[in-house]
Amino acid sequence: MKSFDSVTGLVLPEPKNRLFLWSVLIVVSLISGAYFVGNAFFANEYKQRLARWGLIHTTPDSKSKACKRQCWPFGSDALPEGIIARTSNLEMRPLWDSGRDHRIIKRPLNLLAMAVGLKQKEIVSKIVEKFLSSDFVVMLFHYDGSVDGWKSLAWSNHVIHVSAINQTKWWFAKRFLHPDIIAEYNYIFLWDEDLLVDNFDPKRYLSIVKEEGLEISQPALDPTKSEVHHPLTVHKAGSKVHRRYYKLKGSGRCDDDSIAPPCIGWVEMMAPVFSKRSWQCVWHLIQNDLIHAWGLDRQLGYCAQGDRMKNVGVVDSEYIVHLGLPTLGGPNGNEAPTDSPGGNARAKVRMQSYIEMQVFGKRWKDAAKKDKCWIDPYEQQANLTNH
């Protein structure tokens with residue numbers, strides 16, 4: 001006898017009949033599932049047979065799904081992994097005898113890159129000779145376009161020459177020193193041309209930098225012969241390395257409680273030295289359009305691979321002289337535009353430098369404000385110190 005539902009008014013089947021209906025539904029579902037699975041399998045096999053016969057073209061979807069490529073270089077997804085050359089270097093290759101075993105050749109592990117003009121040829125030559133003898137790769141950025149003027153020097157054919165009129169070393173560095181290009185070099189010296197190196201040895205300098213754990217550094221400046229802009233860079237007699245500057249009177253004090261540039265964790269821009277790891281960060285910090293890079297030095301500590309108070313420093317035992325020649329638009333330099341419409345070219349260059357510094361500062365503040373995931377480690381450090 002069928003039961004009656006008083007709420008819905010429907011006549012319900014007997015319990016035995018309901019069990020039978022459920023069994024039928026389950027069997028139908030299984031048959032349907034098997035049909036669709038089998039149909040998909042035979043369809044896929046049919047496609048593969050057609051592909052083998054050359055009638056249709058297929059892509060290995062199943063393989064691509066199984067091989068998820070994480071952190072793949074952009075644009076390389078169409079290539080097999082083993083053929084991808086991720087990095088490069090500045091080694092010049094021979095046009096002949098390419099079959100020789102290059103593995104037995106000792107390759108330079110560090111790089112010197114300089115923006116140079118022909119009027120500083122004698123100074124630059126002394127620097128280059130010292131670095132080449134210390135197993136460096138040397139790359140010269142010619143801002144005056146005069147490359148042929150260096151051919152008389154014995155080392156000219158052993159260095160990389162890049163020429164672009166009226167550009168700074170930061171312009172060159174952004175375009176020619178990408179971390180993937182110079183990935184083989186442990187340290188990058190990005191120097192100005194107006195430096196005297198009589199009291200400087202590259203090998204001893206690197207030995208000290210490694211020993212002290214300096215990711216960003218510079219040689220100290222001889223205060224009696226150099227144009228000094230910041231007291232932190234001054235050579236300290238009898239010292240090997242210093243990281244901090246003291247000024248206990250007047251405005252802008254620097255003492256043991258100071259945790260920020262220019263008191264500590266800071267180098268100037270005329271002769272910086274970067275480790276490979278720090279350069280991978282610094283390259284991204286360099287703005288493509290701000291070629292003078294003023295203001296960049298204040299933020300280099302963020303690329304120090306840790307605490308800038310420990311990993312940034314000035315090396316005293318290997319020091320240099322900074323002549324401070326006005327090569328950027330100065331009367332003795334090579335960058336002054338001859339068709340500049342009135343005014344002093346050097347003054348215009350400095351004005352542009354100040355403008356770029358303001359632009360960079362604003363970009364940094366805007367970026368820090370907009371990035372909700374970024375945490376300023378030095379702001380937290382300052383808060384802890386103040387408390």
Side-chain angles (χ1 to χ4, degrees), residues 168-170 173 188-192 209 212-221 223 226-236 239 241-275 277-287 290 292-316 319-320 322 324 350 353-369 374-386:
T168 72
K169 69 178 180 182
W170 300 102
I188 296 91
F189 290 60
L190 188 58
W191 280 18
D192 289 349
V209 165
E212 293 287 332
L214 298 179
E215 299 284 343
I216 300 175
S217 62
Q218 75 159 84
L221 304 183
S226 300
E227 179 177 311
V228 177
H229 299 143
H230 299 278
L232 180 65
T233 64
V234 171
H235 171 249
K236 292 185 176 181
S239 170
V241 170
H242 72 270
R243 296 172 172 83
R244 183 184 294 275
Y245 161 69
Y246 289 92
K247 182 185 178 185
L248 304 179
K249 296 181 180 180
S251 60
R253 291 192 177 189
C254 294
D255 53 32
D256 287 328
D257 295 327
S258 301
I259 61 172
C263 300
I264 193 172
W266 181 84
V267 298
E268 205 174 346
M269 304 299 274
M270 94 288 289
V273 179
F274 304 99
S275 69
R277 294 194 306 162
S278 68
W279 182 253
Q280 290 171 344
C281 170
V282 171
W283 185 89
H284 291 89
L285 183 62
I286 301 171
Q287 304 296 288
L290 305 182
H292 295 286
W294 279 31
L296 189 77
D297 51 356
R298 291 275 182 160
Q299 310 301 345
L300 287 179
Y302 288 91
C303 294
Q305 309 303 302
D307 190 349
R308 65 186 175 191
M309 294 194 293
K310 297 179 180 179
N311 297 349
V312 181
V314 178
V315 177
D316 290 301
Y319 59 96
I320 60 176
H322 178 217
R350 292 188 66 83
S353 301
Y354 280 113
I355 292 173
E356 290 192 4
M357 181 171 63
Q358 299 300 319
V359 173
F360 178 80
K362 185 177 185 303
R363 286 184 188 177
W364 178 273
K365 290 180 181 179
D366 290 344
K369 184 178 180 180
W374 182 72
I375 299 174
D376 189 338
Y378 299 117
E379 184 177 353
Q380 293 181 321
Q381 192 177 50
N383 293 335
L384 292 174
T385 301
N386 294 332

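Hydrogens, waters and symmetry mates are skipped; everything else that's a heavy atom, side chains included, is used. Everything quoted here is computed from the prediction, not taken from an experiment.
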Does [X] use its side chain to pair, donor to acceptor, with the backbone of [Y] at less than 3.5 Å?
{"X": "Arg308", "Y": "Ile216", "result": "no"}
{"X": "His292", "Y": "Tyr354", "result": "no"}
{"X": "Asp297", "Y": "Leu300", "result": "no"}
{"X": "Ser278", "Y": "Glu215", "result": "yes"}
{"X": "Arg298", "Y": "Trp266", "result": "no"}
{"X": "Gln305", "Y": "Cys303", "result": "yes"}
{"X": "Lys169", "Y": "Leu190", "result": "yes"}

Residue pair [X] / [Y]: nearest heavy atoms and the distance that separates them:
{"X": "His322", "Y": "Leu221", "value": "CB-CD2, 4.0 Å"}
{"X": "Gln287", "Y": "His284", "value": "NE2-O, 4.4 Å"}
{"X": "Gly313", "Y": "Leu214", "value": "N-CD2, 3.7 Å"}
{"X": "Trp170", "Y": "Pro272", "value": "CH2-CG, 4.4 Å"}
{"X": "Val228", "Y": "Pro223", "value": "CG2-CA, 4.3 Å"}
{"X": "Leu248", "Y": "Cys254", "value": "CD2-O, 3.7 Å"}

task = Evaluate the criterion side-chain contact (heavy atoms from CB on, under 4.5 Å) for residue pair Arg244 and Asp256; output intermediate values, then yes/no.
result = CA-CA 8 Å; Arg244 183 184 294 275; Asp256 287 328; 4.2 Å; yes

[X] [atom1] to [Y] [atom2] distance, which is reported to the nearest 0.5 Å:
{"X": "Asp255", "Y": "Tyr246", "atom1": "CG", "atom2": "OH", "answer": "8.0 Å"}
{"X": "Trp279", "Y": "Leu285", "atom1": "CH2", "atom2": "CG", "answer": "9.5 Å"}
{"X": "Arg243", "Y": "Lys310", "atom1": "CZ", "atom2": "NZ", "answer": "9.5 Å"}
{"X": "Gln280", "Y": "Ile188", "atom1": "CD", "atom2": "CD1", "answer": "8.5 Å"}
{"X": "Thr168", "Y": "Met269", "atom1": "OG1", "atom2": "CE", "answer": "9.5 Å"}
{"X": "Lys236", "Y": "Tyr319", "atom1": "NZ", "atom2": "OH", "answer": "16.0 Å"}

task = Please report the C-alpha distance between Glu212 and Val315 in whole Å, then the side-chain angles of each, then the deciding distance to 0.1 Å, and finally whether the side-chain contact (heavy atoms from CB on, under 4.5 Å) criterion is met.
result = CA-CA 10 Å; Glu212 293 287 332; Val315 177; over 6 Å; no

ask   = For the residue pair Trp294 and Phe360, is the inter-centroid distance of their aromatic rings smaller than 6.0 Å?
value = no

task = List for me each residue that meets side chain to side chain donor-acceptor pair (under 3.5 Å) alongside Gln299, sequence neighbours excluded, and say none if there are none.
result = none

Partners meeting side chain to side chain donor-acceptor pair (under 3.5 Å) with Gln218 (sequence neighbours left out) = none

request  = Could you check whether the rings of Trp364 and Tyr302 sit parallel, tilted or perpendicular, using 30° and 60° as the cut-offs?
outcome  = tilted

ask   = Looking at side-chain heavy atoms only, is the closest gap between Pro219 and Trp191 below 4.5 Å?
value = yes

